[in-house]
Protein chains: 2
Amino acid sequence: MSAISEHVVNPFADISTNIETNDFFSIDDEGDAWSDAHANFLSSLSESETQDLLKCSRRMDLKSRDHLFRAGDRSNDVYIVAGGCIRLFQVSSTGKETILWFSFPGEIFGMAELWRGSNRQIYAVANEATQVYSIRRKDFTNFLGAHPEAAMKAISILSARVRALGHALVGLASDNVETRVARLLVRLAAVSSGTRCCAGYTEGELCVNVRLTHQDIANLIGASRQTVSSTLAHLRKIGAVRTVSHHFHIVQPDHLRRLLQLSAA
Amino acid sequence: MSAISEHVVNPFADISTNIETNDFFSIDDEGDAWSDAHANFLSSLSESETQDLLKCSRRMDLKSRDHLFRAGDRSNDVYIVAGGCIRLFQVSSTGKETILWFSFPGEIFGMAELWRGSNRQIYAVANEATQVYSIRRKDFTNFLGAHPEAAMKAISILSARVRALGHALVGLASDNVETRVARLLVRLAAVSSGTRCCAGYTEGELCVNVRLTHQDIANLIGASRQTVSSTLAHLRKIGAVRTVSHHFHIVQPDHLRRLLQLSAA
DNA sequence: GCGCCTTTGTCGTCCAGATGACAAAGTAAG
DNA sequence: CTTACTTTGTCATCTGGACGACAAAGGCGC
């Protein structure tokens, strides 16, 4: 009991200590921020935490293109992706769509709007057939209060999102379209590599296992569809990527990464 | 004791209830996210919390342009602005500077890097003579563990940052320079209006009480210095803003807001 | 006061990428 | 197999805004 109570008093102590003693520091913060922000919240929970959370959740099945919520809806829930993929985007006044995030299985989303309780400003639609757990705000905040490690995890995911968005902003302000496309593919390959690629996979390739139209890519990096098309054609021509049944394979990851280093020089 | 202990078990209960019963929802989420993200962390703490936090802090005095930290530094501290203004920016590989945030008195910054403990990816420099409190990571995480309401506040600030950055991304991807400049001025006026404008103030005007060079503005909105100069000249010509001893006044706030609505239509 | 450095105003010039317009190729549902 | 819709590939055209270059103002330390 005393151990538990102390834990509650400082849920952050362990993590903080871990960091202090960790001597390894990665160079690629942008990639790290992406990966961290895409962290699998669900699987980071313990068995009992998962049960606690899911018992107050409601499972929903979405068909491809179903809307989970729209701008203007009240933000009453957070969601966890069970399977599939959710596209989170905003529509500017000119009708232009900007994709802010893709949420993959295990990821939590809808968190950032919870605390102010304002209306949703973004849209969430299923990018393919998708299952999500929906958790009411109150249940979720109760859960976080009762499970400090989970709260800690939530904070670190939000932090990673902040850093990832910061990088996105810098990239949009200073990189050209080809660089942005290439970087996106590398990042997506990193986070989607968990789900195994079924089709013709060649050793050494990286699989970007997300179904993306050129329009999606354009909306992700703030470019026009046509420019993305021709950029991809170019990347294909120089042998950096190839198309395998509806998705991309990065033929030589190092090739593409070197291209990114180069554009950075 | 039992009351306290229950509070610790669910630090989020109160806030969550407040939100549930709140029937007012603002329309301008972008502005709200900005304001929330600029929330005065320090003054939101109770007397005893403030003391707890500041007693393990170190006060630092910075001259204008002093660097607080640079990209590459270890992230060992969070900071709270006591007075002045801190500019947080990132430098792209091409040398282009992108300003991610200005931190005003009471604001906390450096939080997002804390949890992963990677090296800083951004620069923090004093925009003018500035005083900050520096708090070591471990002390800060201990503090958050011991003060759940403060942890809650920290989460809501991070959430607001996520939303504000999302809006910034959408704006950068879809608005032209004039719109971005105008919106920036309106936002800055909102958050800087706390500090009273000394110089020639005319009734009805909004004061953007931050010293900004055109270059700063350019770095904030991802544009070139020249374009910002001519855009400001234009805004001045149409009577939307005027320059008062080193800073701007928004002559007719509604005029500028209408201009934003217009560009949005 | 006098230099020195930073910030602004204002030119051309140039180009990455937006936009519009179609045809061709997929894909999905009947 | 057919029809209808979505997604791609590829033009040709146009432009917002980047970039370079300088002169004119400010500020500021001495």
Side-chain angles (χ1 to χ4, degrees), chain A residues 63-66 87 92 94-99 125-129 170-182 184 199 210-238 241-248 263, chain B residues 63-65 87 92-99 125-129 170-182 184 199 210-238 241-248 263:
Chain A
K63 291 192 304 296
S64 183
R65 288 157 199 250
D66 275 359
R87 183 163 86 241
S92 83
T94 57
K96 187 162 181 167
E97 185 178 313
T98 301
I99 299 181
V125 331
N127 205 42
E128 54 193 85
V170 173
L172 189 50
S174 42
D175 297 330
N176 63 16
V177 173
E178 179 160 307
T179 306
R180 305 211 295 278
V181 169
L184 175 71
V210 195
R211 203 196 235 261
L212 286 173
T213 67
H214 294 183
Q215 187 67 62
D216 288 336
I217 298 179
N219 296 343
L220 270 163
I221 63 169
S224 73
R225 202 269 308 163
Q226 293 90 323
T227 308
V228 169
S229 286
S230 55
T231 301
L232 284 171
H234 180 238
L235 287 178
R236 222 178 287 127
K237 194 163 70 186
I238 64 175
V241 304
R242 69 192 184 93
T243 308
V244 180
S245 60
H246 308 294
H247 67 275
F248 298 100
S263 86
Chain B
K63 290 191 304 294
S64 184
R65 286 157 202 253
R87 184 164 85 241
S92 83
S93 35
T94 58
K96 186 163 184 167
E97 188 178 309
T98 302
I99 299 181
V125 331
N127 205 43
E128 52 193 86
V170 172
L172 189 50
S174 41
D175 298 331
N176 64 14
V177 172
E178 180 161 305
T179 306
R180 304 211 296 276
V181 169
L184 176 73
V210 194
R211 204 197 236 260
L212 285 173
T213 67
H214 294 183
Q215 187 67 62
D216 288 336
I217 298 178
N219 296 341
L220 271 163
I221 63 168
S224 73
R225 201 268 310 161
Q226 293 93 320
T227 308
V228 170
S229 286
S230 55
T231 301
L232 284 171
H234 180 239
L235 286 178
R236 222 178 287 126
K237 195 163 70 188
I238 65 174
V241 304
R242 69 192 184 94
T243 308
V244 181
S245 62
H246 309 296
H247 67 276
F248 298 101
S263 86

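Per chain, numbering begins at 1; letters A, B, ... match sequence-line order.
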Considering non-hydrogen atoms only, spot the tightest contact between [X] and [Y] and give its length.
{"X": "B:Gly171", "Y": "B:Arg180", "answer": "O-CD, 3.7 Å"}
{"X": "A:Ala173", "Y": "B:Lys96", "answer": "O-NZ, 3.4 Å"}
{"X": "B:Arg242", "Y": "B:Arg236", "answer": "CA-CG, 4.2 Å"}
{"X": "A:Asn127", "Y": "A:Ser64", "answer": "O-OG, 3.7 Å"}

Give the rounded distance in Å between these two atoms: [atom1] of [X] and [atom2] of [N].
{"X": "B:His234", "N": "C:dT10", "atom1": "NE2", "atom2": "P", "result": "13 Å"}
{"X": "B:Lys63", "N": "D:dC28", "atom1": "NZ", "atom2": "C1'", "result": "16 Å"}
{"X": "A:Asn176", "N": "C:dA18", "atom1": "CG", "atom2": "C1'", "result": "15 Å"}
{"X": "B:His214", "N": "C:dT7", "atom1": "NE2", "atom2": "P", "result": "11 Å"}
{"X": "A:Lys96", "N": "D:dG16", "atom1": "NZ", "atom2": "P", "result": "14 Å"}
{"X": "B:Lys237", "N": "C:dG9", "atom1": "NZ", "atom2": "C1'", "result": "13 Å"}
{"X": "A:Asn219", "N": "C:dG17", "atom1": "CG", "atom2": "P", "result": "17 Å"}
{"X": "A:Gln215", "N": "C:dT19", "atom1": "CD", "atom2": "P", "result": "11 Å"}

Is the phosphate of D:dG17 approached by B:Thr227 (side-chain N or O, under 4.0 Å from OP1 or OP2)?
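Negative; the distance criterion is not met.
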
Quick check: on DNA chain D, is the nucleotide nearest B:Ser224 upstream (toward 5') of the one nearest A:Leu212, or the reverse? Name the residue that is more 5'.
A:Leu212

Please pick, from D:dT8, C:dT8, C:dG17, the nucleotide with the shortest atom-to-atom distance to any side-chain atom of A:Ser229.
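Of the candidates, D:dT8 comes closest.
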
base_contact_polar (D:dG20 base, B:Gln226 side chain, donor-acceptor, <3.5 Å)
yes

Is any side-chain heavy atom of B:Asp216 closer than 4.5 Å to one of B:Arg87?
yes

Closest-nucleotide mapping onto DNA chain C: is A:Arg211 or B:Ala233 further toward the 5' terminus? I mean the 5' end.
B:Ala233

Could you pick out which residue, A:Arg225 or A:Val177, lies toward the 5' side of DNA chain C when each is mapped onto its nearest nucleotide?
A:Val177

With a 4.0 Å cut-off on heavy atoms, is [X] in touch with a base, just the backbone sugar-phosphate, or nothing at all?
{"X": "A:Arg65", "answer": "sugar-phosphate"}
{"X": "B:Arg180", "answer": "nothing"}
{"X": "B:Thr213", "answer": "sugar-phosphate"}

